[in-house]
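This report refers to the structure that appears directly beneath it.
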Amino acid sequence: MTAPSPTNPVLPEQSGFVVELEQFSGPLDLLLHLIREDELDITDLPIAKIADQFLAVINELGLNQAADYLEMAARLLRIKAQLLLPRRLGDDEWEDPRSELVRRLLEYQQIRELVGWLQQAATRRAEQLGRGYAPPSPELPPAPLEIELNDLLAAAERVIALIPEPMLHRVVPRPLDVEGATARIQALLVAQEEFGWSDVVGARPSVVDVLSAFISLLELAKRGALRLAQPAPFAPVVIRRESPREAA
Amino acid sequence: MSPLAKLLEAALFAASRPLTLEELATLGPEAAGEGEGEEGGEAEAETRAALAELRGAWAGEDHGVELVEIAGGWQFLTRREYAEPIERAQFALRPRRLSPAALETLAIVAYRQPVGRLEVDEIRGVDSEAVLDKLVERGLIEIVSRGEGLGRPLLYGTTPQFLEILGLKGLDQLPRLDELSVALRPPAPAEPE
Amino acid sequence: MSPLAKLLEAALFAASRPLTLEELATLGPEAAGEGEGEEGGEAEAETRAALAELRGAWAGEDHGVELVEIAGGWQFLTRREYAEPIERAQFALRPRRLSPAALETLAIVAYRQPVGRLEVDEIRGVDSEAVLDKLVERGLIEIVSRGEGLGRPLLYGTTPQFLEILGLKGLDQLPRLDELSVALRPPAPAEPE
């Protein structure tokens, strides 16, 4: 028996990996290898022989720590034992204990055949190269939004911290009234070129007011209707009307 | 060439993946300044005509790249004879080869889709979770639905990118199972394990 | 075109960066099988000639793409008049149908809103952060509030656009859960984690 020797160290804790490193992609692959090597008839497997060989190989390769291989070894030994049991002559009910394994082997063999086909197709496709370099388009408009969502949410939290204590713990009972906030901001945008946070939410905002306002500000900034700026860290946010093609 | 054909040429040349007729049709009429307010069907017919024109122009021509039908769409690719020198000059890299485990898993997903992990495990005889995850990550398979039964398992199917890396027009170009030397059993009627 | 010009075309198309004349010259003679044992100067002259030939083939009004010299290197560029429509179509080129994963997530949000990511993860059995982000980006869901508890998780709800796309007047027009064949899990009775 000439099992290929492993070229890579075995990593017992990652059985999926072991299999890839070795020449065999799993216990079924190993079984097929043994069958092919000895030119055995797959539909009339000499189980005792195969089981012994299988055990020897997985010991040799250190695969006896991989669960998938162990399970197969156990299965082979069970079938071997079942075949040793005497059976009554002319028992129509008798089912060959090998049949399930044979079915799986045949199925797996077919998969291996498909693998060969896929590999060829992939190799052939790799003979043709696709477009490599896509130059950045000079036509791309600059991104309208300059503030990260996370930054803004962090800012929102800071704002919320200013809200009177009891309100903080109240569950927001309904979806935020973003529409209302949006309408308000849009009205302000029409009236003024630039305004501040408190113009939007008023002097004593609720949590709902604050979050609604922030979400609509975000949305409007994303659409390019306005620009948000903060002159300095923790400084009040300035909301400015965004006019298209503005020469700043 | 017509303006639309030239536009398609430009789009296909710029893209690093195949573009489908549907996608090309979104470029169409308005962009090329032809017609107005037409329905989707009309735009697609026009695109189809322009595509045929473009194909015609490229079929006879003598170029280093060619227009190829692949993965349900169209893509410019270099002619086979040039990949080797281009790679040798290190101007481009060929895609990494897939491991046997990955190909096995792909084969099973391709033929049994939609298929759950347990079935893949059973056919391969090994735990395939990591391989499936990697294939999802590489965009070659995706979760297409959920099965019935316990835990409503995720079911996988192949993506257009799977066809792309194999250079296939569609799944129907895969070999039929009865063309293989061994026959695969039909999908099992829920066998008790 | 000469073999060398075709090779240059393929290389310029496939290269992951613009290529200089010197770089292109390394492809040249041996690969195209022209001349032997020539000096660098000769190879470069040949490459220059082939490049001129290639440029000529792509010049004129009849193509959507042109060969352009930029910053000492050569590259294929989409003609100016086509660049803009292609750029514009980039948005349309994105898949227009939602993936099953996205639909699933959307359904959970629609029926359980306001709902946090952890609950979505738990229901779907996979990490849903990326999907949720994409849905927000597409304007189908939005952050509607923050939940109580550790880290005060973001809670998602559907947007008016979600209803619009589905052609619904309101959320109450969604089919009731018990009308669905595969019902989403009812709210769990506060399971201990």
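Residue numbers begin at 1 in each chain, while the letters A, B, ... track the order of the sequences.
Each of B/F13, B/Y82, B/F76 has some count of heavy-atom pairs under 4.5 Å with chain A, and the biggest count is that of B/F13.
With a 4.5 angstrom heavy-atom cutoff, B/A130 does not touch chain A via any of its atoms. Looking at B/R79, the atoms closer than 4.5 Å to chain A (heavy atoms on both sides) all sit in the backbone: N, CA, C or O. Only the side chain of B/E66 comes within contact range of chain A, judged by heavy atoms closer than 4.5 Å. For B/V68, the part lying under 4.5 angstrom from a heavy atom of chain A is the side chain only. Contact of B/L168 with chain A is made through the side chain alone, with heavy-atom distances under 4.5 Å. Looking at B/A15, the atoms closer than 4.5 Å to chain A (heavy atoms on both sides) all sit in the backbone: N, CA, C or O. Proximity to chain A involves both the backbone and the side chain of B/E104, based on heavy atoms less than 4.5 angstrom apart.
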* Does the pair A/R240 and A/E193 meet the rule for a salt bridge (Lys or Arg N to Asp or Glu O under 4.0 Å), with working shown? -> CA-CA 6 Å; A/R240 202 173 293 132; A/E193 195 159 323; over 6 Å; no

* To do: Please test A/D68 against B/R124 for salt bridge (Lys or Arg N to Asp or Glu O under 4.0 Å), starting from the C-alpha separation and ending with a verdict.
  => CA-CA 10 Å; A/D68 304 316; B/R124 292 191 59 221; over 6 Å; no

* To do: Could you walk me through whether A/K49 and A/E37 pass the salt bridge (Lys or Arg N to Asp or Glu O under 4.0 Å) test, one step at a time?
  => CA-CA 13 Å; A/K49 182 180 176 183; A/E37 195 157 73; over 6 Å; no

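Across B/I70, B/V65, B/L77, a single residue satisfies side-chain contact (heavy atoms from CB on, under 4.5 Å) together with A/Q128, and that is B/L77.
In terms of heavy-atom proximity, A/A225 sits nearest to A/L189 at O-CD1, 4.2 Å.
Under 3.5 Å, the side chains of A/E95 and A/S99 contain a donor-acceptor pair of N or O atoms. B/S2 and B/E53 share a side-chain donor-acceptor pair at under 3.5 Å.
Using a distance-only test at 3.5 Å, with no hydrogens or angles considered, no donor-acceptor pair links the side chain of B/E122 to the main chain of B/L118. Between the side chain of B/R80 and the main chain of A/R124, a donor-acceptor pair closer than 3.5 Å is present.
Heavy-atom neighbours of chain A within the stretch residues 156-165 of chain B, taken at a separation under 4.5 angstrom, comprise B/F162, B/E164, B/I165.
At most 12 non-hydrogen atoms from other residues, nucleotides or ligands lie less than 6.0 angstrom from CG of B/L93.
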